There are 2 protein chains.
Amino acid sequence: MVYKLDEQVGYILRLASQRHALLFNKHSELGLTPTQFSALVRVAEMGSCSQNLLGRRTAMDVATIKGVVTRLKAKGFVQLNPDPGDKRRTMVSLTKMGAELIEQLHDFGKSVTDDTLAPLSASERKVFLEMLTRLT
Amino acid sequence: MVYKLDEQVGYILRLASQRHALLFNKHSELGLTPTQFSALVRVAEMGSCSQNLLGRRTAMDVATIKGVVTRLKAKGFVQLNPDPGDKRRTMVSLTKMGAELIEQLHDFGKSVTDDTLAPLSASERKVFLEMLTRLT
DNA sequence: GGCGACTTATTAGTATACAAACAAATAACC
DNA sequence: GGTTATTTGTTTGTATACTAATAAGTCGCC
């Protein structure tokens, strides 16, 4: 059987990710990247947590999460504080401005998910997401 | 309904891509990244073609494909030549070394695809790839 | 109580990925 | 034939993403 690049799951995954990023950026007046969005939503879920733990909970290594947190801080959405009980840790938490944004972020995220899955019917989406989740 | 990051298609796509990259790198004695692999396989499919066209056919913008081609050339898998009929173009083609590698690349690609899709049955794989393709 | 193992964070280096701006060459079109 | 538009390639800047090395703090355990 001939090898066709266009039928390989890795290649198609890359294309689908690209389309998702495009849809995300399309109607993003928030000035957040998909990665920053994930980290910010996760901070809201977890409350205050260490930078490295936030990275683990968003599947970013220590170098990546550092940059993401730096940029979220620069935009005023999160703040950094030392952990009184552990001098190694930098605790990340939402600023007031970040907290006020969360509901809007959720709505935004839902619409991006909806746009991305538009080519699939409701029942297909369920099956697809279940299978995709198994590939993580 | 509450917004759950872990159920959003964009986030799960990122996780699945990460796992695929991990599997790709795991048994890669070729020293190629997934992106370089895609470009190299595509060059083999297309024969000689311009750098920008190669980028379009592998879903990479002009800046990205330039870096990829540069690194493939440094590794000795492709060569660059001016197009006699169009002074703007840089034509990319396989070197002898690159051509000798292609069959091995195909086998390698198949096994990575297989590993990535391992959590799905044969019939599920078919359905999944069809749906994923629709999201590109 | 102290030593080795682990955790946390930073930094440097490499590789995608995309936008924007630019120069040179070619194509389109009147 | 000449002007405009398009295509090709390069460069710069920003943002993931991962590896590896390093330093500092904490924990496990005897």
Side-chain angles (χ1 to χ4, degrees), chain A residues 10-11 13-26 28 30-40 42 48-75 80-92, chain B residues 10-11 13-26 28 30-40 42 48-75 80-92:
Chain A
Y11 185 71
L13 271 175
R14 187 162 139 268
L15 298 185
S17 298
Q18 282 179 342
R19 172 165 164 277
H20 172 263
L22 209 70
L23 292 171
F24 186 100
N25 293 321
K26 195 164 195 170
S28 167
L30 301 163
L32 289 175
T33 65
T35 311
Q36 290 165 16
F37 172 91
S38 293
L40 192 52
R42 195 64 100 191
S48 186
C49 81
S50 81
Q51 179 178 290
N52 273 19
L53 178 57
L54 177 60
R56 285 195 295 277
R57 299 280 285 111
T58 47
M60 302 174 202
D61 66 298
V62 295
T64 301
I65 193 63
K66 178 181 174 45
V68 172
V69 165
T70 298
R71 287 180 282 277
L72 285 175
K73 186 192 173 192
K75 288 173 180 168
L80 305 183
N81 291 107
D83 182 343
D86 189 336
K87 289 178 193 167
R88 296 169 303 178
R89 290 203 178 106
T90 301
M91 302 304 283
V92 184
Chain B
Y11 185 70
L13 271 175
R14 187 163 139 267
L15 299 184
S17 298
Q18 282 180 342
R19 173 166 164 278
H20 173 262
L22 210 70
L23 293 171
F24 186 100
N25 293 321
K26 196 164 193 171
S28 167
L30 300 164
L32 288 176
T33 65
T35 311
Q36 290 165 15
F37 172 91
S38 294
L40 191 52
R42 195 64 100 191
S48 186
C49 80
S50 81
Q51 180 179 289
N52 273 19
L53 177 58
L54 178 60
R56 284 195 296 276
R57 298 281 285 110
T58 47
M60 303 175 202
D61 67 300
V62 295
T64 301
I65 193 63
K66 179 180 174 44
V68 173
V69 165
T70 298
R71 286 180 282 277
L72 285 176
K73 186 192 172 190
K75 288 173 180 169
L80 305 184
N81 291 108
D83 182 343
D86 189 336
K87 290 178 191 165
R88 295 170 302 178
R89 287 203 180 107
T90 302
M91 303 303 284
V92 185

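Computed from a prediction, not measured in an experiment: that's the story for all the values here.
D61(B) comes within 4.0 angstrom of a nucleotide base, judged by non-hydrogen atoms across all strands. Counting any heavy atom pair closer than 4.0 Å across all strands shown, T64(A) reaches a base atom.
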For L72(B) and L32(B), what are the C-alpha separation, side-chain angles and deciding distance, and is it a side-chain contact (heavy atoms from CB on, under 4.5 Å)?
CA-CA 9 Å; L72(B) 285 176; L32(B) 288 176; 3.8 Å; yes
Using the side-chain contact (heavy atoms from CB on, under 4.5 Å) rule, take Q36(B) and L40(B) through it: C-alpha gap first, then chi angles, then the decisive distance, then the call.
CA-CA 6 Å; Q36(B) 290 165 15; L40(B) 191 52; over 6 Å; no
Between L15(A) and R19(A), is the side-chain contact (heavy atoms from CB on, under 4.5 Å) condition met? List the steps.
CA-CA 6 Å; L15(A) 298 185; R19(A) 172 165 164 277; over 6 Å; no
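Remark: P of dT10(C) and CZ of R89(A) are 14 Å apart, rounded to the nearest angstrom. If you measure from atom CD of Q36(B) to atom P of dT14(C), you get 14 Å, rounded to the nearest angstrom. The separation between L15(A) atom CG and dC18(C) atom C1' is 15 Å, rounded to whole Å. Here dA9(C) presents its C1' atom at 17 Å from CE of M60(A), a figure rounded to the nearest Å. When rounded to the nearest whole Å, the span between CD of Q51(B) and C1' of dA25(C) equals 16 Å. Distance, Y11(A) OH to dA17(C) P: 11 Å, rounded to whole Å. Atom CG in L80(A) sits roughly 14 Å away from atom C1' in dT8(C) (whole-Å rounding).
Between the CG atom in L13(B) and the CZ atom in R14(A) there is a gap of 13.5 Å [rounded to 0.5 Å]. The structure places OG of S50(B) at 11.5 Å from CZ of R57(B), a figure rounded to the nearest 0.5 Å. Rounding to the nearest 0.5 Å gives a distance of 11.0 Å between CD of Q51(A) and CG of L53(A). Between atom CE of residue M91(A) and atom CG of residue L54(A) there is a gap of 10.5 Å, rounded to the nearest 0.5 Å. Note: F24(B) CZ to T35(B) OG1 = 8.5 Å, rounded to the nearest 0.5 Å. Between the CD atom of Q18(B) and the CE atom of M60(A) there is a distance of 8.5 Å, given to the nearest 0.5 Å.
Boundaries of the chain B contact region on DNA chain D are dT7(D) to dC18(D), first to last in 5' to 3' order (nucleotide atom under 4.0 Å from a heavy atom).
The shortest non-hydrogen separation linking P34(B) to N25(B) is CD-OD1, 4.3 Å. When all heavy atoms of I65(B) and A39(B) are compared, the closest pair comes out as CD1-CB, 4.4 Å.
For the pair D86(B) and A63(A), nearest-nucleotide mapping onto DNA chain D gives the more 5' position to D86(B). Both P84(A) and R71(A) sit near DNA chain D, but only R71(A) has its closest nucleotide nearer the 5' end. Both R56(A) and K87(B) lie near DNA chain C, and the one whose nearest nucleotide falls closer to the 5' end is R56(A).
Around NZ of K73(B), the count of heavy atoms belonging to other residues, nucleotides or ligands within 6.0 Å does not exceed 12.
Of the residues in residues 18-25 of chain B, those placing a heavy atom less than 4.0 Å from an atom of DNA chain D are Q18(B), in numerical order.
Candidate nucleotides dA24(C), dA15(C), dT7(C) were compared by shortest atom distance to the side chain of R88(B), and dA24(C) ranks first.
The terminal axes of the helix from dG1(C)-dC30(D) to dC30(C)-dG1(D), fitted over 5 pairs per end, subtend an angle of 30° to the nearest 10°.
The shortest distance between the side-chain N/O atoms of T35(B) and the OP1/OP2 oxygens of dA17(C) is below 4.0 Å.
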